[in-house]
Amino acid sequence: MVRLLAISGSLRQASSNSILLRATERLCPEGISVAHYEGIGELPHFNPDLLEDPPEAVIELCSIIGQADGLLFSCPEYARGIPGSFKNMLDWLVSNEEFPGKPVALFNASPRASHAQAALRLVLETMSARIIEEASITVNLLSNRSSAESIATDPVMGPLIGTALGAFKRRLENQSL
Ligand SMILES: Cc1cc2nc3c(=O)[nH]c(=O)nc-3n(C[C@H](O)[C@H](O)[C@H](O)COP(=O)(O)O)c2cc1C
């Protein structure tokens, strides 16, 4: 079983990025499980002084990241950048031993969000994550009030997500051969 951990970069209740990640669950091919980490809003502000004795929420984050075979991020753009709460989570993971080499698929709910995507790639590359291009997709949820169900059954988005998940699974299986 390939274990994916999905993390949305938005704290918003009706977040399009979170809904996109919820839709992936419905489209999971056999042999993949998707868990969701929804704790980014509870993480304290990153402070290198705290790394020696990290807060409980950070220990939990690192443990959950460590258990995942691959990460699935979907992050919005705020003021042409990465939302602070999501970047804060990444800052906690910079010195995490498990993070370098971690396979990451980037889902993007807005074709307009190009600056945040570019910034996110730069940050993840700096952290030595492995971005899996064939598992990274952009859909347009900006103008429609979608539900996870309607995304999963959409004739364009559904197959796009399913194909990305399949490609992610193949890459994760091949790396452990
Ligand atoms: C404070 C703020 C700043 C934003 N800045 C941008 C931006 O620079 N570029 C952009 O394309 N969208 C921007 N947006 C729009 C959001 O990316 C858009 O509302 C997106 O749907 C938010 O993601 P969510 O639905 O997952 O919460 C901004 C929204 C907010 C609230």
Side-chain angles (χ1 to χ4, degrees), residues 3-28 32-47 57-58 60-61 64-65 68 70-94 99 102-127 129 131-168:
R3 291 157 305 177
L4 300 186
L5 181 67
I7 309 181
S8 170
S10 174
L11 299 178
R12 212 162 62 82
Q13 182 71 36
S15 157
S16 55
N17 288 278
S18 304
I19 291 170
L20 175 59
L21 293 176
R22 288 285 163 193
T24 62
E25 266 177 71
R26 297 165 186 256
L27 294 162
C28 259
I32 302 191
S33 68
V34 178
H36 296 266
Y37 174 74
E38 294 180 331
I40 64 170
E42 276 75 56
L43 292 170
H45 290 164
F46 175 67
N47 178 348
V58 175
E60 191 200 348
L61 167 69
I64 293 171
I65 294 278
L71 305 175
L72 193 51
F73 290 161
S74 190
C75 185
E77 175 166 305
Y78 283 171
R80 296 198 169 181
I82 303 169
S85 52
F86 195 75
K87 179 60 165 60
N88 183 54
M89 176 196 74
L90 293 175
D91 287 344
W92 279 115
L93 294 171
V94 166
F99 204 83
K102 190 67 91 175
V104 179
L106 291 177
F107 278 22
N108 177 13
S110 162
R112 225 174 56 183
S114 56
H115 295 91
Q117 287 298 304
L120 191 51
R121 280 170 179 274
L122 186 61
V123 170
L124 291 171
E125 282 161 16
T126 305
M127 294 169 69
I131 298 172
I132 309 298
E133 296 299 342
E134 63 268 37
S136 298
I137 54 166
T138 296
V139 297
N140 189 355
L141 298 180
L142 260 188
S143 52
N144 52 38
R145 289 179 167 273
S146 304
S147 63
E149 174 66 21
S150 68
I151 293 169
T153 55
D154 182 273
V156 175
M157 288 189 279
L160 192 66
I161 296 166
T163 302
L165 289 170
F168 205 9

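Hydrogens, waters and symmetry mates are skipped; everything else that's a heavy atom, side chains included, is used. Each ligand, and each atom within it, is numbered from 1 in the order the structure gives. Nothing here was measured: the structure is a model prediction, and the numbers come from that model.
Every N/O-N/O distance between Tyr78 and ligand 1 stays at or above 3.5 Å.
Annotation: side chain of Met127 is not in contact with side chain of Lys102 (no heavy-atom distance under 4.5 Å). Counting heavy atoms from C-beta outward, Tyr78 and Ser10 have side chains that approach closer than 4.5 Å.
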Report, one line per pair, each donor and acceptor closer than 3.5 Å where one atom sits in a side chain of residues 80-88; sequence neighbours left out.
from: Lys87; atom 1: NZ; to: Asp91; atom 2: OD1; distance (Å): 2.7
from: Asn88; atom 1: OD1; to: Phe46; atom 2: N; distance (Å): 2.7
from: Asn88; atom 1: ND2; to: Pro44; atom 2: O; distance (Å): 3.0

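Rounding to the nearest 0.5 Å gives a distance of 11.5 Å between CD1 of Ile151 and CG of Leu160.
Contact atoms of ligand 1 toward Pro76: 22 (C), 23 (O) (distance under 4.0 Å to a heavy atom of the residue). Atoms of ligand 1 lying under 4.0 Å from at least one heavy atom of Arg80, given by number and element, are 7 (C), 8 (O). The atoms of ligand 1 that sit less than 4.0 Å from any heavy atom of Ser10 are 24 (P), 26 (O), 27 (O). Residue Asn17 has at least one heavy-atom neighbour below 4.0 Å for each of these atoms of ligand 1: 23 (O), 24 (P), 26 (O).
Annotation: atom 21 (O) of ligand 1 to nearest protein heavy atom, Ser16 OG, 3.6 Å. Among protein heavy atoms, the minimum distance from atom 6 (C) of ligand 1 is reached at Glu77 O, 3.2 Å.
For the side chain to side chain contact (heavy atoms under 4.5 Å, CB included) test with Leu27, the passing option among Ile161, Thr163, Val34 is Ile161; the others fail.
Minimum interatomic distance between Ala135 and Phe168 (heavy atoms only, all atoms of both residues): CB-CB, 3.6 Å.
Scanning for salt bridge (Lys or Arg N to Asp or Glu O under 4.0 Å) contacts around Arg112 gives an empty result, with sequence neighbours left out.
Remark: distances from the non-hydrogen atoms of Ala79 to ligand 1 include one below 4.0 Å.
With atom 10 (C) of ligand 1 as the reference point, the heavy atom nearest to it among Arg12, His115, Arg112 is part of Arg112.
Within the 4.0 Å cut-off (strictly below), no protein heavy atom is located near atom 19 (O) of ligand 1.
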